[in-house]
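Since this is a predicted model, take the numbers as computed values, not measurements.
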Protein chains: 2
Amino acid sequence: MLSSTAMTDQDPFSPQILALLDRAAAFCATRASRLTDTRRLVLGLILDSSKPVGAYDILDHLRQYQRNAAPPTVYRALDFLLAQGLIHRIERMSAFIGCAHRLECHHGHGCGHRAQFLICSGCGAVSEVEDSEISHAIASAAKKIGFKPHQSTVEIEGLCAICQQG
Amino acid sequence: MLSSTAMTDQDPFSPQILALLDRAAAFCATRASRLTDTRRLVLGLILDSSKPVGAYDILDHLRQYQRNAAPPTVYRALDFLLAQGLIHRIERMSAFIGCAHRLECHHGHGCGHRAQFLICSGCGAVSEVEDSEISHAIASAAKKIGFKPHQSTVEIEGLCAICQQG
DNA sequence: TCGCCTTTAGTTATATTATAACGACTGAGA
DNA sequence: TCTCAGTCGTTATAATATAACTAAAGGCGA
Ligand SMILES: [Zn+2]
Ligand SMILES: [Zn+2]
Ligand SMILES: [Zn+2]
Ligand SMILES: [Zn+2]
């Protein structure tokens, strides 16, 4: 959720988020892409949430800082962040989540990673994993039928460890 | 695509589709669920397409036979068909496709199968596979982190064998 | 500094996908 | 017959996403 602490019109984010945003800016710099104010703000709002957030939720929050933000404002920022691999779209939820790996990745440019998502239907939390068995199984299944995979969506819905206890 | 042959207001489907619809009706009978006229028509329209079809595409076609069909008409039928496992929803496309396995399944009631989908970005065709390596890898990855999976979405986008040649 | 070009953003309108809510009808069984 | 659950008709609206056009900003060479 959005932290109400340390939230001003000038600088809405916690030091932790600010650090991530700095890394994102540095990452963009290496790719000659521009993390503009709006894009940075949208990324911050996404990173600041413990759950995936919808485009219109982002828009509502964004309007606290940019009075005239409109749907295209948000969708353009999301398109950019998706293209940079800084966020992911969760298809089953039509919502967006920060990439748990991108800002830690040291593999160099264009390191597109194969992520999978575990969606808890109890608490709504989504965890991102990179499981090579799944990736390999997918690549292998595709190869079997002569299909050349480019990108894959793996979203597993169920109950997280915590919600299984409740 | 919808076949224009053998298409009348009374009986819009080819013998091949009619046979599948009969099996679907028989399947529903075993589950004490009712494949009503509208549901049957919607299923037929989906089965008659070589690609996933959107709800509003279905609605357009449905209106040829039911003048007053409206969005809820289609979505109610889709909800039913999804619940029976007779169709699947392709999340990345917000579209629906007939289940390639349900009508051939002899495993008895509630045989929820673990399907994966290969989506060709060249021709739009979607093939459904049941790959146990993928299913096992997913189950195993979930178990690793104490997550109890209930259902999973696997959608692989890329180029089919045919489109790789073009 | 200037002009030129590309990228980004503002703005309005609209498209696309999906659901809420309520009343009427139907058919099975008490 | 009465009642109940399930289904459907109908209207309205919610939620998600994009088109199209204009304006501003930023990079870059002359
Ligand atoms: Zn990621
Ligand atoms: Zn949970
Ligand atoms: Zn299937
Ligand atoms: Zn193809």
Item to check | Short side-chain N/O contact from A:Tyr75 to OP1 or OP2 of D:dA17, under 4.0 Å | outcome: yes
Item to check | B:Arg34: salt bridge (charged side-chain N to carboxylate O under 4.0 Å, His left out) partners, not counting sequence neighbours | outcome: none
Item to check | Nearest-neighbour nucleotide for the B:Thr36 side chain, D:dT10, C:dT7, D:dT7 considered | outcome: D:dT7
Indicate every side-chain donor-acceptor pair of residues 135-150 of chain B with a distance under 3.5 Å to a residue at least two apart or in another chain.
unit_1	atom_1	unit_2	atom_2	d
B:Ser135	OG	B:Asp131	O	3.2
B:His136	ND1	B:Ser132	O	3.1
B:Lys144	NZ	A:Asp131	OD2	3.0

Checklist entry - Between D:dG6, C:dA18, D:dA17, which one does the side chain of B:Phe96 approach most closely? => result C:dA18
Checklist outcome for this item: side chain to side chain contact (heavy atoms under 4.5 Å, CB included) filter on A:Leu82, not counting sequence neighbours, yields A:Ile87, A:Arg89, A:Phe96
Item to check | Among C:dT19, C:dA18, D:dA17, the nucleotide that comes nearest once only the side chain of B:Pro72 is considered | outcome: C:dT19
Checklist entry - Expressed in angstrom and rounded to an integer, what is the separation of A:Arg92 atom CZ from D:dA15 atom P? => result 20 Å
Item to check | Pairing residues for B:Ala95 by the side chain to side chain contact (heavy atoms under 4.5 Å, CB included) criterion, not counting sequence neighbours | outcome: B:Pro52, B:Met93
Checklist entry - So A:Ile156 and A:Ile119, side chain to side chain contact (heavy atoms under 4.5 Å, CB included) or not? Walk me through it. => result CA-CA 6 Å; A:Ile156 307 161; A:Ile119 306 170; over 6 Å; no
Checklist entry - Can you check the A:Arg89 CZ to D:dT16 P distance for me, whole Å? => result 10 Å
What's touching nucleotides 21-23 of chain D from the protein side, N or O pairs under 3.5 Å?
none

Item to check | A:Phe80 vs A:Ala70, nearer the 5' end of DNA chain C by closest nucleotide | outcome: A:Phe80
Next on the checklist: Would you compute the distance between atom CZ of B:Arg102 and atom CZ of B:Phe27 and round it to the nearest 0.5 angstrom?
Outcome noted: 4.0 Å
Checklist entry - In terms of side-chain heavy atoms of A:Ser94, which of C:dG10, C:dA9, D:dA17 is nearest? => result D:dA17
Item to check | Distance, rounded to the nearest Å, where A:Leu41 contributes CG and C:dA9 contributes P | outcome: 11 Å
Checklist entry - Taking CG from A:Asp60 and C1' from D:dT16, how many angstroms apart are they, rounded to a whole number? => result 13 Å
Checklist outcome for this item: Per atom distances to the B:Asn68 side chain, the nearest of D:dA17, D:dG9, C:dT11 is D:dG9
Item to check | Separation of atom CG in B:Leu78 from atom P in D:dT7, rounded to whole Å | outcome: 15 Å
Checklist outcome for this item: All stems that DNA chain D takes part in, i.e. 3 or more consecutive Watson-Crick or G-U pairs with distances under 3.5 Å, are C:1-30 with D:1-30
Checklist entry - Is there any salt bridge (Lys or Arg N to Asp or Glu O under 4.0 Å) pair reaching into residues 54-79 of chain B, and which pairs are they, with sequence neighbours excluded? => result none
Checklist entry - For B:Phe117, which residues count as a ring pair (Phe, Tyr, Trp, His ring centres under 6.0 Å) partner, sequence neighbours excluded? => result B:His88
Next on the checklist: Please report the distance, rounded to the nearest Å, between CG in A:Leu62 and C1' in C:dA9.
Outcome noted: 12 Å
Checklist entry - Taking for each residue the nucleotide of DNA chain D bearing the nearest heavy atom, is the 5' side occupied by B:Pro71 or by B:Gln66? => result B:Gln66
Checklist entry - Does a distance-only test, which skips hydrogens and angles, find a donor-acceptor pair under 3.5 Å between the side chain of A:Tyr56 and the base of D:dA17? => result yes
Checklist entry - Quick one: side-chain hydrogen bond (donor to acceptor under 3.5 Å, both in side chains) pairs with a partner in residues 151-166 of chain A, sequence neighbours left out? => result A:Ser121-A:Glu157, A:Gln151-B:Arg92, A:Thr153-B:Arg92
Checklist entry - Within less than 4.0 Å of OP1 or OP2 of D:dT10, is there a side-chain N or O belonging to B:Arg67? => result no
Item to check | Integer-rounded Å distance: D:dG6 C1' and B:Arg31 CZ | outcome: 17 Å
